[in-house]
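Below you'll find the structure, written out as structure tokens, and then a few comments.
Worth knowing before you read on, the calculation uses all heavy atoms, side chains too, and leaves out hydrogens, waters and symmetry mates.
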There are 2 protein chains.
Amino acid sequence: MTAEEIAAGTPKGPRPLGDLERLVMEQLWSAEAALTVREVHERLAETRDLAYTTVMTVLDRLAKKKLTERERDGKAWRYKAAAPREELAADLMRDALDRAGDRREALVRFVGQVSDEEAALLRDALARLEARDG
Amino acid sequence: MTAEEIAAGTPKGPRPLGDLERLVMEQLWSAEAALTVREVHERLAETRDLAYTTVMTVLDRLAKKKLTERERDGKAWRYKAAAPREELAADLMRDALDRAGDRREALVRFVGQVSDEEAALLRDALARLEARDG
DNA sequence: GGGCATCTACGACGTTACGTAGTAGATCCT
DNA sequence: AGGATCTACTACGTAACGTCGTAGATGCCC
């Protein structure tokens with residue numbers, strides 16, 4: 001735990017993204033390179049009518065939450081996702097597991113909920129892990 | 001999807017519990033039988049100084065969110081958890097996985113994050129699933 | 001059966017997160 | 001220099017949550 005987390009009491013895990021935050025992150029995740037506010041705004045304009053500054057605010061908040069990183073490009077900032085979408089998902093899964101009481105029971109219930117295909121993917125992932133880490 | 005969910009747009013998955021909500025749920029989960037507001041209040045009083053009505057409000061909100069169920073006992077209500085703690089955790093994990101882009105990638109990252117022991121528990125759970133469902 | 005204790009229903013207020021946007025001032029390019 | 005563009009900051013509405021009070025219903029005891 002960091003000092004801030006201790007001071008704040010119970011360290012809160014990652015929270016799920018808001019709806020707009022998710023839309024913005026999806027643009028960053030699907031982009032090749034880092035995007036400016038304008039570029040994200042343009043891409044979102046296909047489906048949503050948002051003010052330029054709205055997109056800017058969201059990007060800014062995401063940066064404060066360490067979900068995006070930004071670098072200067074002239075007077076503008078370029079934003080990119082700090083982590084792949086799948087990493088975020090894995091973080092949320094881990095966090096949920098950490099809050100479960102009995103991990104064995106939680107994992108049993110989890111695998112009972114996933115589809116056959118997902119179960120197969122899980123087996124693959126575990127097999128790969130074993131091959132790599134021993 | 002229910003009609004409400006369709007009307008609301010993107011159906012939101014289960015949200016993580018708030019701090020006090022979690023404390024209250026933990027009392028219910030660790031109790032043998034359904035508890036009254038007073039009983040929950042008394043148990044929480046060991047560590048936190050809360051108004052009786054605060055506990056009541058939280059229990060009530062949890063019931064509205066279908067996280068607890070209640071039955072009459074004289075003029076009072078008795079509350080019990082609607083699902084085991086581990087089921088809640090599994091739901092959150094499922095929800096996180098649903099929001100991941102590439103499930104394979106998300107699961108690979110997830111198993112890469114868990115401890116060796118948790119990975120072993122996962123293998124067990126999958127083996128049991130295979131034995132049961134074919 | 002009247003009164004006290006207890007319980008619920010409902011409302012209320014502060015805080016924080018998020019969606020949404022405007023204004024003001026800095027910056028860059030022509 | 002001046003317009004276009006970008007950022008920083010502020011702001012407002014809504015919803016969730018932590019927190020509690022008041023008012024009225026209900027049950028129990030003497």
Notebook entry, point to check: Are the charged groups of A/Asp91 and A/Arg94 less than 4.0 angstrom apart, N to O?
Noted result: no
In short, side-chain hydrogen bond (donor to acceptor under 3.5 Å, both in side chains) pairs touching residues 120-134 of chain A with sequence neighbours left out are A/Asp124-B/Arg104
From CD of A/Glu71 across to P of D/dT7 the rounded distance in Å is 13 Å
When you group the ILVMFWY residues by side-chain heavy-atom contacts below 4.5 Å and let the links chain together, are B/Leu121 and B/Val108 in the same group? no
Using 4.0 Å as the upper bound for N to carboxylate O, is an ion pair formed by B/Arg85 and A/Asp102? no
Discussion item. Check this one for me: any side-chain N or O of A/Arg72 less than 4.0 Å away from OP1 or OP2 of D/dC6?
Written reply: no
Heavy-atom nearest nucleotide on DNA chain D taken for A/Arg15 and for B/Thr54; more 5' hit belongs to A/Arg15
Problem - Shared hydrophobic cluster, A/Val111 / B/Val114 (ILVMFWY, side-chain heavy atoms < 4.5 Å) - result: yes
Does A/Lys65 make a side-chain N or O approach to OP1 or OP2 of C/dC18 shorter than 4.0 Å? yes
Here the distance between atom P of D/dC6 and atom CG of A/Asp73, to the nearest Å, is 10 Å
Once base and sugar-phosphate atoms are separated, protein heavy atoms under 4.0 Å mark nucleotides 24-30 of chain D, 5' to 3', with B, S and - as --BS---
Assess the residue pair A/Arg99 and B/Arg22 against the criterion (side-chain contact (heavy atoms from CB on, under 4.5 Å)); give the C-alpha distance rounded to whole Å, side-chain angles, the decisive distance to 0.1 Å, and a yes or no. CA-CA 10 Å; A/Arg99 298 181 190 293; B/Arg22 184 160 27 74; 4.2 Å; yes
Is any side-chain heavy atom of A/Gln113 closer than 4.5 Å to one of B/Glu87?
yes
Excluding A/Leu20, membership of its hydrophobic cluster (Ile, Leu, Val, Met, Phe, Trp, Tyr; side-chain heavy atoms within less than 4.5 Å) reads A/Leu17, A/Leu23, A/Val24, A/Met25, A/Leu28, A/Trp29, A/Leu35, A/Val37, A/Val40, A/Leu44, A/Leu50, A/Tyr52, A/Val55, A/Met56, A/Val58, A/Leu59, A/Leu62, A/Leu67, A/Trp77, A/Tyr79, A/Leu88
Taken to the nearest whole Å, CG/A/Leu50 to C1'/C/dG19 is 9 Å
Worksheet entry | Residue pair A/Arg70 / A/Asp60, side-chain heavy-atom distance below 4.5 Å | yes
B/Leu59 atom CG is separated from C/dC7 atom P, nearest whole Å, by 13 Å
Here the distance between atom P of D/dA8 and atom CE of A/Met56, to the nearest Å, is 7 Å
To the nearest angstrom, the CG-P distance between A/Leu62 and C/dT20 comes to 13 Å
Report the C-alpha separation of A/Thr54 and A/His41 in whole Å, then their side-chain angles, then the decisive distance to 0.1 Å, and conclude whether the side-chain contact (heavy atoms from CB on, under 4.5 Å) test is met. CA-CA 9 Å; A/Thr54 296; A/His41 181 241; over 6 Å; no
A/Asp60 CG to C/dA21 P, in whole Å, measures 17 Å
B/Leu20 CG to D/dC20 C1', in whole Å, measures 12 Å
#### Entry: Distance test, side-chain N/O of A/Tyr52 to OP1/OP2 of D/dT7, below 4.0 Å
yes
B/Ala76 has its side chain closest, among C/dC7, D/dT7, C/dG22, to C/dC7
When every non-hydrogen atom of B/Pro16 is compared with those of B/Leu92, the smallest separation belongs to N-CD2, 4.2 Å
CZ (A/Arg72) and CZ (A/Arg78) are apart, to the nearest 0.5 Å, by 12.5 Å
Backbone of A/Arg43 reached by a side-chain donor or acceptor of A/Glu46 within 3.5 Å:
no
Could you check whether A/Glu86 pairs with B/Arg109 (Lys NZ or Arg NE/NH1/NH2 to Asp/Glu carboxylate O, under 4.0 Å)? no
Sorted by number, residues from residues 78-93 of chain A placing a heavy atom under 4.0 Å from DNA chain D are none
Per the under-4.0 Å heavy-atom filter, residues of residues 35-42 of chain A near DNA chain D come out as A/Val37, A/Arg38
Worksheet item: Base, sugar-phosphate, or nothing for B/Lys64, non-hydrogen atoms under 4.0 angstrom?
Response: nothing
At a cut-off of 3.5 Å, list every protein nitrogen or oxygen paired with a nitrogen or oxygen from nucleotides 10-15 of chain D, distance to 0.1 Å.
residue: D/dA11; atom: N6; partner: A/Arg61; partner atom: NH2; Å: 3.4

